[in-house]
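Just so we're on the same page: letters track the sequence lines, and every chain starts at 1. This one's a predicted model, so the numbers in the text were calculated from it and none came from an experiment.
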Number of protein chains: 2
Amino acid sequence: MQDDRDMDAVFHALAHASRRRMLDILTARPGLAVGALASEFDVSRVAVMKHLAILEAAGLVVSEPDGRSRRLYFNVVPIQMIHERWTTQYSAYWAGQLTRIKYLAESATAPPSPQAKSRKKGERDGS
Amino acid sequence: MQDDRDMDAVFHALAHASRRRMLDILTARPGLAVGALASEFDVSRVAVMKHLAILEAAGLVVSEPDGRSRRLYFNVVPIQMIHERWTTQYSAYWAGQLTRIKYLAESATAPPSPQAKSRKKGERDGS
DNA sequence: CTAACGTGTAACCATAAGGTTACATTAAAG
DNA sequence: CTTTAATGTAACCTTATGGTTACACGTTAG
C-alpha cells in the first residue's frame, strides 16, 4: 500500500456497487466459494470472477484453494490503510476549517469567500 | 450520497492519482483557477478539465465563476459520508474479529481456518 | 472597439472496463 | 476409469476512460 498505484487499485475496486456487495457478502460469509458467490449476482460467473480478480489485485479479497473449490475471504487491511491516510491528510479540515466550503456545496449559491463575486449565469456546480 | 451511484462516483473520482493530487492542491490553495491548476500537471488543460468534471460530478470539487475565470474548491462532505459508512459497516471487523483473515493476507501461506487444506500449487493470493 | 486571455466544446483516437459464450482443466464421486 | 462439478481461460463485443488538437465563447484590458 502507501503507493499511488495501490491506492488506485483499492479505490477502483471499490468504485463498483457489485464489488462492494461482494465484500459485504464475504464479510457475512467468510470462506464462501466462487460459484456460491456468483449465484448471488445476476451477471455470469465469468463476470463475477473478473470482479474478484480486481478485488484480489487490490488486496481486498484473499483466497485459498480447497479441493476443486476456492475459499474467498475479505481483507480489511487496505481499507484500514486508506482510512489512516485520509484521516491524517484531511484531519485539519475535518476539524471544521472547511465549514466555509461545506456550506458552498450544500447551498450552491452563496460565495465561499468575501472577495468572490456572486455567480451570474454559470450555475455549474458539482452536478 | 448514501446512494450506490453516488458512492461509485466518489470512489471512481478518487481512483486516479492525478485527481487525488488535484484535491491536495485545492486543499492547499482554495479558490485556484482552472488554468492555474492545469499548469501543475503535465497533461493538457482539457484533460485536467475532464478530471475536474469527474471530481465535480462526485461532489468533491465545487466551483463558482469569477469573471472570465472560475474558482475551484475542495469539498470534504462526500469523503466524510463514505468514511462514516465504512467505519459503521466494518467496525466489528476493525475491532479484531478478522485478525485471522489479516494474517492470511500478510503471510499468504498458512490456512485461515483449521479445516482448510494447505495450498499445493495454486499460489494465487491477492497479488 | 479590438485584441488577448481564460474557459468551454467538438471531434477524434487508443486502451481499459465490463460483459458475453464457448472451451479447457482439475478434483471428487460413481 | 469415466463422469460430473467447480473453477479457470480464450475470444469477442460494446461502452467508458483518458488523452489529444482545433475551434468557439465570454470577459477584461488597451
Side-chain angles (χ1 to χ4, degrees), chain A residues 4-5 8-22 31-58 61-73 116-127, chain B residues 4-5 8-22 31-58 61-72 115-127:
Chain A
D4 257 353
R5 247 128 12 145
D8 284 5
V10 176
F11 280 125
H12 172 239
L14 292 172
H16 197 288
S18 300
R19 288 193 288 265
R20 290 195 301 274
R21 193 151 79 83
M22 286 183 190
L32 200 65
V34 176
L37 177 65
S39 71
E40 300 283 329
F41 293 85
D42 285 342
V43 299
S44 73
R45 181 183 55 88
V46 180
V48 169
M49 290 203 339
K50 287 193 185 182
H51 284 304
L52 269 178
I54 291 172
L55 287 168
E56 290 185 289
V61 164
V62 291
S63 69
E64 43 139 29
D66 177 23
R68 70 179 147 184
S69 184
R70 202 171 114 232
R71 320 196 130 247
L72 303 169
Y73 301 91
K117 284 108 190 152
S118 66
R119 64 180 57 191
K120 293 180 194 100
K121 49 191 168 200
E123 234 65 29
R124 42 175 72 85
D125 45 280
S127 161
Chain B
D4 258 353
R5 246 128 13 145
D8 284 5
V10 176
F11 281 125
H12 172 240
L14 293 172
H16 197 287
S18 300
R19 288 195 287 263
R20 290 195 300 275
R21 192 151 80 82
M22 287 185 191
L32 200 65
V34 176
L37 177 65
S39 71
E40 301 284 328
F41 293 84
D42 286 341
V43 299
S44 72
R45 180 182 55 88
V46 180
V48 170
M49 290 204 340
K50 287 192 185 183
H51 283 305
L52 268 179
I54 290 171
L55 288 168
E56 291 185 290
V61 164
V62 290
S63 70
E64 44 140 29
D66 176 23
R68 70 180 148 186
S69 185
R70 202 170 115 230
R71 329 206 98 191
L72 303 169
Q115 78 276 14
K117 285 109 189 149
S118 67
R119 63 182 57 193
K120 295 182 192 98
K121 49 191 170 200
E123 234 65 30
R124 41 176 73 87
D125 46 279
S127 165

Q | Whole-Å distance separating the CG atom of A:Asp42 from the C1' atom of C:dG19 | A | 13 Å
(Q) On DNA chain C, compare the nucleotides closest to B:Ala36 and B:Lys50; which residue's is nearer the 5' end? (A) B:Ala36
Q.
Taking any heavy-atom pair under 4.0 Å as a contact, classify B:Ser44: base, sugar-phosphate, or nothing.
A. base
Q. Does the side chain of A:His51 come within less than 4.5 Å of A:Phe41's, by heavy atoms?
A. no
Q.
Is there a side-chain contact between A:Arg70 and the phosphate of C:dT26, meaning an N or O under 4.0 Å from OP1 or OP2?
A. no
Q) B:Asp66 CG to C:dG8 P: how many Å, rounded? A) 12 Å
**Q.** Value rounded to 0.5 Å, distance of CZ in A:Arg19 from CG in A:Leu14
**A.** 8.5 Å
Q: Report the nucleotide, chosen from D:dT20, C:dT20, C:dT7, that has the shortest atom-to-atom distance to any side-chain atom of B:Ala33.
A: C:dT7
Q.
If the cut-off is 4.0 Å, is B:His16 near the phosphate of C:dA16, judged by side-chain N/O to OP1 or OP2?
A. no
Q. Which nucleotide, D:dT21, C:dT7, C:dG18, lies nearest any side-chain atom of B:Val46?
A. D:dT21
Q. Can a side chain N or O of A:His51 be found less than 4.0 Å away from OP1 or OP2 on C:dG19?
A. yes
Q.
Side chain of B:His12, heavy atoms from C-beta onward: which of D:dT17, D:dT20, C:dT20 has the nearest atom to it?
A. D:dT17
Q) Between atom CG in A:Asp8 and atom P in D:dT17, what is the gap in whole Å? A) 15 Å
Q.
Measuring from atom CG of A:Leu32 to atom OG of A:Ser39, what distance do you get when rounded to the nearest 0.5 angstrom?
A. 7.5 Å
**Q.** Separation of atom CD in B:Glu64 from atom P in C:dG8, rounded to whole Å
**A.** 13 Å
Q.
Let's test your reading of the model: under 3.5 Å, does the base of D:dG18 pair with the side chain of B:Arg19 as donor and acceptor?
A. no
Q) Nearest-Å distance, CZ (A:Arg45) to C1' (C:dT25)? A) 12 Å
Q. How close do A:Arg70 and A:Ser63 get, heavy atom to heavy atom, and via which atoms?
A. NE-OG, 3.0 Å
(Q) Checking contacts here: which listed nucleotide (C:dA27, D:dT7, C:dG18) is nearest the side-chain heavy atoms of A:Arg68? (A) C:dA27
Q.
Quick check: closest heavy atoms across A:Ala58 and A:Ala9, and the distance to 0.1 Å?
A. CB-O, 3.6 Å
(Q) So if I take every side-chain heavy atom of B:Met49 and compare against C:dG8, C:dA4, D:dT7, which nucleotide ends up nearest? (A) C:dG8
(Q) What is the separation between atom CD1 on A:Ile54 and atom C1' on D:dT17, rounded to the nearest whole Å? (A) 14 Å
